[in-house]
Undergrad: 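Mind having a look at this structure? Questions to follow.
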Amino acid sequence: MLQVSYIRDNKEQVLARLAVKNFKQPELVDEILALDDNRKQTQNRLDSTSAEANAAAKRIGELMRTGQKEEAEKVKSQTGTWKEDIKRFGEELTSIEQELHQKLVQLPNLPHSSVPVGITPEENEVVLEHGEKPTLPENALPHWELAAKYNLIDFELGVKITGAGFPVYKGKGAKLQRALISFFLDEAEKAGYSEVMLPLLVNEASGFGTGQLPDKEGQMYFVGQDNLYLIPTAEVPVTNLYRDVILKADELPVKNTGYTPCFRREAGSYGAHVRGLNRLHQFDKVEIVQVVHPDTSYSVLEEMSSHVQGLLQKLGLPYRVLRLCGGDMSFTASLTYDMETWSAAQQRWLEVSSVSNFETYQANRLKLRFRNAEGKTQLAHTLNGSALALPRIVATLLENNQTENGIKIPEALVPYTRFEYID
RNA sequence: GGAGAGGUGUCUGAGUGGUCGAAAGAGCACGCCUGGAAAGUGUGUAUACGUCAAAAGCGUAUCGAGGGUUCGAAUCCCUCCCUCUCCGCCA
């Protein structure tokens, strides 16, 4: 959520930035400013009326104590209109604030100045490519066939017990999941992140705090009986750990990592691109989250991007890094890097990580602040990234590493799998 | 799920209609004391909004949330949420 004071002081810039994000309702900006003016006026009226009423109430108290009953009654008789006014102004203020809030949450975050202009994924900027795309033998198989051949993943069984998009991992397939999770967590810990294990269901306030609500309401599974949402990413519970918190300056940066399953309805997805592990309703992911001083957030973003790239390098997967264009970026991000691995059998790039700086956008919703050098409270910056999401890593790993002897496990992972080949 | 108790500032905890943004203690910060530290001692120590160029100051709101009674509510009433204890169920 943007701060109204910021919008007021930088209106032209806000409009220009929103345009980069391909935002379709610039008129909201003026509406918000007008509502805010109205809010201030109404609050002023309410405050001064309340002040008068409070003063009178105090007077009455004094008069009663000193036995001046008649005088007290006289003052009392004047309080009627104040009471009505206070009620009326209060109701007005509430309704203005609600309308303001409702419009404010419709504004996406402002993109960073380095974000390329563009609408579609094709307009994302390729920052770098790393590693050789492997050339596979003629009879190379896509991962869903490999998963069946080696009995690693059973999609049909998942359909039976739940539905499409809920795979069952078996044998070495299951162990591979566990190995990747442990590997990612250990690497994160080495990089200074402390591990947390979290609730997989969150309340509405948490969903709002990180920006999933109200924007992505339809993408989350909802447990109506208890009013809880299944998390679409560990970002939600991890970041909400710091909701309504004022950190000391020396507590920054906060670095957390957590493994969780993630649940996404993926309403509207279909077709060949969702085959196998490409798109699931439930998948596993290790997330890294940082809460940092605003001055450092962009260097931290680079650091997080390097961490993710380091993981891909250790796994020996060819990848590229994209700087997302304004139109392809999420609602809440200021700058996002996507990491994609090359799936040799499918001959296409698969997104395996997304690393973003949210600047104060989430912090403002979360009321996540720190005490700055002047001793004042200031909004912190939040960042997060997948490090990493498993399914597409598994997909490329299976496809790219297929040999005549089976699927070769990357060296870095062998201590975790305790087998070198899937055969 | 049943019965009971309770939700006050960073924490403990007092406060049952006015002098309460809130005693006291702890913690924390700064100063004094000390060779240095501890002890001792002094001062300070919520957040948001508004007013203001800004700071100070001032005003308003906030004692789980919302509503009500009253000139006046942390305190009385109603609704909801949450926590704890006991019972039941149970990995």
Side-chain angles (χ1 to χ4, degrees), chain A residues 1-11 32-105 197 199-209 213 223-229 237 240-252 254 261 360 363-380:
Chain A
M1 192 161 64
L2 301 177
Q3 295 166 88
V4 179
S5 58
Y6 182 86
I7 299 174
R8 181 175 301 283
D9 296 341
N10 306 276
K11 185 178 152 191
I32 284 166
L33 292 179
L35 275 169
D36 192 49
D37 282 336
N38 201 348
R39 187 197 112 244
K40 284 184 190 178
Q41 277 173 30
T42 308
Q43 171 144 22
N44 255 321
R45 276 196 287 254
L46 174 64
D47 284 359
S48 51
T49 313
S50 298
E52 288 182 79
N54 287 346
K58 210 169 231 175
R59 270 281 316 290
I60 293 169
E62 279 161 26
L63 293 171
M64 295 292 254
R65 215 168 317 111
T66 52
Q68 297 171 263
K69 274 224 160 126
E70 256 176 59
E71 271 296 307
E73 286 303 325
K74 228 166 131 190
V75 180
K76 241 191 228 189
S77 64
Q78 303 170 338
T79 56
T81 51
W82 285 330
K83 244 188 135 176
E84 281 168 33
D85 286 350
I86 288 171
K87 187 165 183 181
R88 200 177 73 243
F89 293 146
E91 282 165 0
E92 258 176 65
L93 185 62
T94 307
S95 101
I96 292 167
E97 280 173 344
Q98 278 171 358
E99 198 184 341
L100 179 61
H101 182 260
Q102 183 264 329
K103 285 190 195 288
L104 211 46
V105 297
M197 211 171 208
L200 305 181
L201 283 85
V202 296
N203 57 30
E204 190 181 339
S206 294
F208 176 79
L213 295 173
V223 184
Q225 196 165 18
D226 293 297
N227 253 296
L228 298 170
Y229 296 84
N240 273 281
L241 253 21
Y242 303 95
R243 171 151 50 86
D244 290 319
V245 166
I246 301 175
L247 294 160
K248 292 178 188 151
D250 63 11
E251 289 177 297
L252 299 175
V254 171
T360 59
N364 192 30
R365 294 176 159 230
L366 294 159
K367 295 198 181 69
L368 164 50
R369 292 154 294 174
F370 70 100
R371 218 167 277 287
N372 64 22
E374 290 96 60
K376 295 199 161 187
T377 57
Q378 187 182 340
L379 292 174

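Hydrogens, waters and symmetry mates play no part in the numbers below; they use all other heavy atoms, side chains included. Source: prediction; values computed, not measured. Below, chains carry the letters A, B, ... as their sequence lines are ordered, and counting in each starts from 1.
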Undergrad: Under 4.0 Å between a side-chain N or O of A/Lys376 and OP1 or OP2 of B/rA55?
TA: yes
Undergrad: Quote, to the nearest angstrom, the P distance that separates B/rG42 from B/rU47.
TA: 25 Å
Undergrad: Quick check on A/Glu204: does its CD atom have over 12 non-hydrogen neighbours (other residues, nucleotides or ligands) under 6.0 Å away?
TA: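 No, not enclosed.
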Undergrad: For A/Tyr6, is there any backbone N or O sitting under 3.5 Å from a side-chain donor or acceptor partner on A/Asn10?
TA: yes
Undergrad: To the nearest Å, how far apart are A/Asp226 CG and B/rG1 C1'?
TA: 14 Å
Undergrad: Would you indicate whether the side-chain heavy atoms of A/Val105 and A/Arg365 approach each other to under 4.5 Å?
TA: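 Sidechains of A/Val105 and A/Arg365: in contact.
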Undergrad: Have a look at A/Thr377 and say if it touches a base, only the backbone sugar-phosphate, or nothing, with a 4.0 Å heavy-atom cut-off.
TA: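 Touches sugar-phosphate only.
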Undergrad: For nucleotides B/rU60 and B/rU41, find the distance between their P atoms and express it as a whole number of Å.
TA: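 The answer is 37 Å between these two P atoms.
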Undergrad: Does the pair A/Glu97 and A/Thr42 meet the rule for a side-chain contact (heavy atoms from CB on, under 4.5 Å), with working shown?
TA: CA-CA 10 Å; A/Glu97 280 173 344; A/Thr42 308; over 6 Å; no
Undergrad: When rounded to the nearest Å, what value does the distance between C1' atoms of B/rC63 and B/rG9 take?
TA: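 Between the two C1' atoms, the distance is 9 Å.
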Undergrad: Would you say A/Thr66 and A/Gln68 are linked by a side-chain donor-acceptor pair, where the criterion is simply a distance under 3.5 Å?
TA: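 Yes - a donor-acceptor pair under 3.5 Å links their side chains.
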Undergrad: Look up atom CZ in A/Arg39 and atom CD in A/Glu99, then write down how far apart they are to the nearest 0.5 Å.
TA: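 The CZ atom of A/Arg39 sits 13.5 Å away from the CD atom of A/Glu99.
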Undergrad: Using the C1' atoms only, state how far B/rU19 lies from B/rC11, rounded to an integer number of Å.
TA: 28 Å
Undergrad: Side-chain contact, heavy-atom cut-off 4.5 Å: A/Leu247 with A/Arg371?
TA: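 In short, these two side chains do not touch, never coming nearer than 4.5 Å.
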Undergrad: Mind checking the P distance from B/rG17 to B/rC28? Whole angstroms is fine.
TA: 37 Å
Undergrad: List in numerical order all residues of residues 34-47 of chain A for which some heavy atom is under 4.0 Å away from an atom belonging to RNA chain B.
TA: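 The stretch gives A/Arg39, A/Lys40, A/Gln43, A/Asn44, A/Asp47 as the residues lying under 4.0 Å from the strand, ordered by number.
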Undergrad: According to a 3.5 Å limit on both distances, what stems of 3 or more consecutive Watson-Crick or G-U pairs are formed with RNA chain B?
TA: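 Only these stems qualify: B:1-7 with B:81-87, B:10-12 with B:24-26, B:27-32 with B:40-45, B:46-51 with B:57-62, B:64-68 with B:76-80.
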Undergrad: Under 4.0 Å from OP1 or OP2 of B/rA61: is there any side-chain N or O of A/Asn54 that close?
TA: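 So the side chain of A/Asn54 is within the cut-off, an N or O lying under 4.0 Å from OP1 or OP2 of B/rA61.
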Undergrad: Could you grab the distance from atom CG of A/Leu366 to atom CG of A/Asp244, nearest 0.5 Å is fine?
TA: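 The CG atom of A/Leu366 sits 8.0 Å away from the CG atom of A/Asp244.
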Undergrad: From NZ of A/Lys83 over to C1' of B/rC71, roughly how many Å is that when rounded to an integer?
TA: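 Nearest whole value for this atom pair: 8 Å.
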Undergrad: Within less than 4.0 Å of OP1 or OP2 of B/rG68, is there a side-chain N or O belonging to A/Lys87?
TA: yes
Undergrad: Kindly say if A/Arg369 contacts the phosphate of B/rA46, meaning a side-chain N or O under 4.0 Å from OP1 or OP2.
TA: no
Undergrad: Contact class for A/Ala56 vs. all strands (heavy atom < 4.0 Å): base, sugar-phosphate, or nothing?
TA: nothing
Undergrad: Looking only at side-chain atoms of A/Ser50, point me to the closest of B/rU60, B/rC71, B/rA46.
TA: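 That would be B/rU60.
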Undergrad: In whole angstrom, give me the gap between the C1' atoms of B/rG35 and B/rU45.
TA: 31 Å
Undergrad: Can A/Asp36 and A/Lys103 be counted as an ion pair, charged N to O under 4.0 angstrom?
TA: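 Not counted as a salt bridge, because no side-chain N and carboxylate O are separated by less than 4.0 Å.
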Undergrad: Sequence neighbours excluded and cut-off under 3.5 Å, please list the side-chain donor-acceptor pairs for residues 80-89 of chain A, or say none.
TA:
{"from": "A/Asp85", "atom 1": "OD1", "to": "A/Arg88", "atom 2": "NH1", "distance (Å)": "3.2"}

Undergrad: With a cut-off of 6.0 Å (strictly less than), are more than 12 heavy atoms of other residues, nucleotides or ligands near CZ of A/Arg59?
TA: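 Open.
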Undergrad: Would A/Asp47 and A/Ser50 count as having a side-chain donor-acceptor pair, cut-off 3.5 Å?
TA: no
Undergrad: Name all residues meeting the ring pair (Phe, Tyr, Trp, His ring centres under 6.0 Å) criterion together with A/Phe370; count only those two or more places apart in sequence or in a different chain, and write none if there are none.
TA: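 Expected list: A/His293.
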Undergrad: Can you find a heavy atom in the side chain of A/Asn54 that is under 4.5 Å from one in the side chain of A/Lys58?
TA: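 Result no, sub-4.5 Å side-chain heavy-atom pair not found.
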Undergrad: Which whole number of Å gives the distance between the C1' atom of B/rA22 and that of B/rA46?
TA: 12 Å
Undergrad: Which of residues 200-208 of chain A have a heavy atom under 4.0 Å from RNA chain B?
TA: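 By residue number: none to list.
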Undergrad: Would you tabulate the pairs of protein nitrogen or oxygen atoms and nucleotide nitrogen or oxygen atoms of nucleotides 28-31 of chain B closer than 3.5 angstrom?
TA:
none

Undergrad: Between B/rC84 and B/rC30, how far apart are the two C1' atoms, rounded to whole Å?
TA: 39 Å
Undergrad: Okay, side chain of A/Asn372, backbone of A/Gln378: is any donor-acceptor separation there less than 3.5 Å?
TA: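 Side chain of A/Asn372 to backbone of A/Gln378, a donor-acceptor pair under 3.5 Å: no, none is there.
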